[in-house]
S.K.: 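Here it is: the structure, laid out below.
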Amino acid sequence: MGSGRPPAPPTDGLPARTLYAVPPPGTGFTTADLHSGAQLMHYGGDVAEAALAVVLGVGWYTAGGRARARRSRQDAKVRSGPGPVLAGVR
């Protein structure tokens, strides 16, 4: 039940892997510097993705908590009604 197309190749870290394997022409950097930079790009991207996931998760969690608190306050108002009726008080 697929679309008939082959799956897309993974591109996570592609620039870092390319920089590690083949240095760009005309650069004056040493191979060790290029490898260090490529590793920083590769692993730094993983850290950035994890941080983004945490930020999005916290936002989603707090939005759900605020909505739940709002619903419980509204439910409490509906259940309590207009207030107690005191006998003999006008």
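Only this structure's heavy atoms are used, side chains among them; waters, hydrogens and symmetry mates stay out. This structure is a prediction, so every number in the text was calculated from the model and none was measured.
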S.K.: Search all heavy atoms of Pro23 against all heavy atoms of Ala21 and return the closest pair with its distance.
M.R.: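 Minimum heavy-atom separation between Pro23 and Ala21: CD-O, 4.0 Å.
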S.K.: Where is the tightest heavy-atom contact between Leu19 and Pro24, given as atom of each residue plus distance?
M.R.: CD1-CD, 3.5 Å
S.K.: What is the minimum heavy-atom distance between Gln39 and Tyr20, and which atoms define it?
M.R.: NE2-CE1, 4.0 Å
S.K.: Working to the nearest 0.5 angstrom, can you tell me the gap between Thr18 OG1 and Met41 CE?
M.R.: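 Answer rounded to 0.5 Å: 8.5 Å.
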S.K.: So, applying side chain to side chain contact (heavy atoms under 4.5 Å, CB included) with Val54, which one of Leu56, Leu52, Val58 is it?
M.R.: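 Of the listed residues Leu56, Leu52, Val58, the side chain to side chain contact (heavy atoms under 4.5 Å, CB included) partner of Val54 is Val58.
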